[in-house]
Amino acid sequence: MGWIKIFLLCVVSFSAFANDADEKIHQYAKKLFQRVTGVPPAPQSSTLTRMEMLIAQGKRLEAAEVAMNDSEKNFYSIRLRNFAAPMTNVEESPSEPFNDLQALVLGIARDDLDARLLLTGDLRYQGYPSLGLPPPSRKDNAHYAEFETSGANYWRDLMRSPQGQWEDIDVAAGALTTRAWAKAFYSAGTNRRGFQYTMQIFLCATKEQWKSAGSFIPDHFVRRDVNRNIGGDPSQYQNDCRRCHGIMDAMGGAFAHLDYVDNAIIYTPNEIPAKMNNTPEGWFPEGYVTRDDTWVNYALYDQNAAFGWRGPLTGRGIKKFGEMIANSKGFSQCMVKRTFKEVCNRPAEVSEMNEIISLADKFETSGYKLKKLFAMVATHNNCMAAPQGVGGRK
Amino acid sequence: MKKTIASVVLLCAGYAQATSLGLKNFREYPAALSLVTRIPQSHPAVAPAIKKVSAQLPLKGLVEEMSSPFMLSITELSGAYCNQLILNETPKPNAERVMFRNIDFTTGVKQFTPAVRTALLNEMAESFWGHAPNEDEAATMQKAIDETISGVSTSATETVNVLKSLCSNFATSLEFIVD
């Protein structure tokens, strides 16, 4: 009878082990669903059952993708909106009302387009005509505001406009030529915010992080409104102002034909907005006068080498500038960092840089697909440890 | 209120997993309530409350955003959802209900026998938390039921009050508001 006892013990032990393993998979599936969509799964949801089967097979990425396609589509209305909204205002607030830039992010993600189109694309996402919304306009946000208040579905009710981004503007560079971006970053000022926030939002680099650490930066492009002799002391300009303006003003030319006037984004291919050539008190007559949209990238040395620039480092116009940013390693890594912060509820730590780089490489290999990126981050062990014994990608 | 904040702080301080704890933000909290109660955010019974309290809900979902206005807001919002949930469920046959499948809305609080309570708490915990309550959680909710039915009449209205109170307790519980 001894062997029967051993057999029964094995069956009972295996059952307990299997139940324990099943429970771990169940809990992991629920957490993965919440990480991906922003809400817990509905009780007894068939999506959860499908996820559990995939997780048991070691297919965690596929399980994450199932969560994204859940019938409620909360991945779009919550996760992606949380991700996109901060890109559209100076405070990087997630509560910014729905706008054309957020629609662009959601559309590119939903349609599995190359995310570099965020900075280069001639495309616009908007509500279907059947929704009866005001038409999209360069001059107001009514179309998108009403899309949001009407309760339209962010996955089902967005279409890609057949006419490209703007019918009456001859330039398109994804986010950089949306009305929302212009409202936030081209209004008033000297058009330097456009550059500063491109770096901050798409390369995850604040002014303090990209300003030159010490290497000599040519100041050929520093504009006349930057005082070279503050309080009678030229050393402040040389030691401080130049390290920032040398880089910023050199690339600022990319924005030379763009402005936000009377609530509208405008593009003036044959004119430079006056604000680009201000002459305030203390102005420097020998400073750079912006006459066209030429730009040069001087953010190449010291810590800025980590941006991993690929392709031309000088050019004309906003589209070429957008291409340079989008093709950099910095862009891919920044998209990973932003996704990580949104999905994992915390910013990635400096010690996790190798993982960020690895995820960025995979993001690029995937064709810069945002949904794939979200799935990879949500299933990464640094975000949420997989239950023991469940395989799949790390 | 202070106990809740202290609990969250202790919970976060002791939490050692890869994902950091946060709160459901202004998008996630109403969406989660909608999912559990099957009441869409656009429903006229809840939409005004969502609009009213949205600014007091966490913006970024950081633990630091826990505050008294936040707690008052989720109490108000959960009240709106729970009220409508009960209105929705009352006329349905038991088997078709989203929640309260073993409750007789025509009977008073005497129906809350130990068996009924256990089944109710398990059902609500699965809906709001995704798991059955552990001993401590069950004890806390049992106590909440005791306090609500203590000294009340035998009217069926009191049954509704017990369910509203319980529903709100679950909807404002740490486990539900934490992301």
Side-chain angles (χ1 to χ4, degrees), chain A residues 23 26-27 29-35 37-45 48 70-83 85-86 91-96 148-154 340-349 352 355 377-378 380-386, chain B residues 12 15-44 46-47 50-51 54-65 97-99 101 122-132 170-171 173 175-179:
Chain A
E23 181 56 25
H26 176 66
Q27 292 301 327
K30 281 195 310 189
K31 283 182 189 165
L32 181 60
F33 186 94
Q34 175 135 10
R35 291 288 106 231
T37 66
V39 289
Q44 280 102 44
S45 115
L48 205 59
D70 178 67
S71 59
E72 299 291 330
K73 301 289 191 266
N74 282 309
F75 171 67
Y76 295 89
S77 58
I78 296 176
R79 269 287 168 254
L80 276 182
R81 277 213 67 201
N82 281 350
F83 175 78
E91 299 81 16
E92 294 201 45
S93 166
S95 69
E96 184 75 13
E148 179 168 21
T149 54
S150 71
N153 185 294
Y154 292 98
F340 192 96
K341 188 175 176 188
E342 174 55 32
V343 173
C344 311
N345 250 344
R346 64 173 179 89
E349 292 170 18
E352 294 173 300
E355 283 79 10
V377 169
H380 196 282
N381 281 343
N382 279 40
C383 186
M384 192 172 68
Chain B
C12 298
Y15 200 71
Q17 289 188 24
T19 311
S20 188
L21 272 185
L23 301 173
K24 287 184 169 68
N25 76 4
F26 66 101
R27 279 196 186 97
E28 293 156 3
Y29 185 72
L33 282 173
S34 285
L35 211 66
V36 169
T37 61
R38 314 285 169 91
I39 298 167
Q41 293 185 53
S42 55
H43 193 289
V46 302
I50 294 173
K51 191 171 177 184
S54 213
Q56 276 78 47
L57 296 177
L59 195 60
K60 300 183 180 181
L62 301 173
V63 167
E64 294 82 3
E65 292 177 283
R97 292 179 189 164
V98 167
M99 223 176 283
R101 283 186 284 272
N122 282 345
E123 176 193 66
M124 294 188 78
E126 284 287 352
S127 291
F128 281 95
W129 299 340
H131 62 83
F170 273 99
S173 63
E175 177 121 17
F176 188 71
I177 65 177
V178 163
D179 185 21

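Bear in mind the structure is a predicted one, so any value in this text is a computation, not a measurement. A note on names: the letters A, B, ... follow the listed sequences, proteins ahead of strands, and every chain is numbered from 1.
Using a 4.5 Å heavy-atom threshold, the side chains of A/Asn345 and B/Asp179 count as touching.
The CG atom of B/Leu59 sits 12.0 Å away from atom CD of A/Glu92, with the distance rounded to the nearest 0.5 Å. To the nearest 0.5 Å, the span separating CG on B/Leu35 from OG on A/Ser45 amounts to 8.5 Å.
Only the backbone of A/Ser77 comes within contact range of chain B, with heavy atoms under 4.5 Å apart. If you measure heavy-atom distances from A/Ala85 to chain B, the contacts under 4.5 Å come from the side chain alone. In this structure, chain B has a heavy atom under 4.5 Å from the backbone of A/Pro41, while its side chain stays farther away. Neither the backbone nor the side chain of B/Ser42 comes within less than 4.5 Å of any heavy atom of chain A. Proximity to chain A is limited to the side chain of B/Lys24, based on heavy atoms less than 4.5 angstrom apart.
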Output, in order, the C-alpha distance, side-chain angles, deciding distance and verdict of side chain to side chain contact (heavy atoms under 4.5 Å, CB included) for A/Arg346 and B/Leu62.
CA-CA 9 Å; A/Arg346 64 173 179 89; B/Leu62 301 173; over 6 Å; no
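When each of B/Val36, B/Asn25, B/Val98 is scored by its heavy-atom pairs under 4.5 Å with chain A, the top score falls to B/Asn25. Per-residue counts of heavy-atom pairs under 4.5 Å with chain B were compared for A/Val39, A/Ile78, A/Asn74, A/Asn82; the largest is that of A/Asn82. For the set A/Gly38, A/Pro94, A/Pro40, the entry with the most heavy-atom pairs within less than 4.5 Å of chain B is A/Pro94.
Taking the charged nitrogens against the carboxylate oxygens, A/Arg79 and B/Glu28 do have a contact shorter than 4.0 Å, which makes a salt bridge.
Closest non-hydrogen pair, B/Arg27 versus A/Glu96, comes out as NH2-O, 4.3 Å.
Around the NZ atom of A/Lys341, the shell of radius 6.0 Å holds no more than 12 heavy atoms that belong to other residues, nucleotides or ligands.
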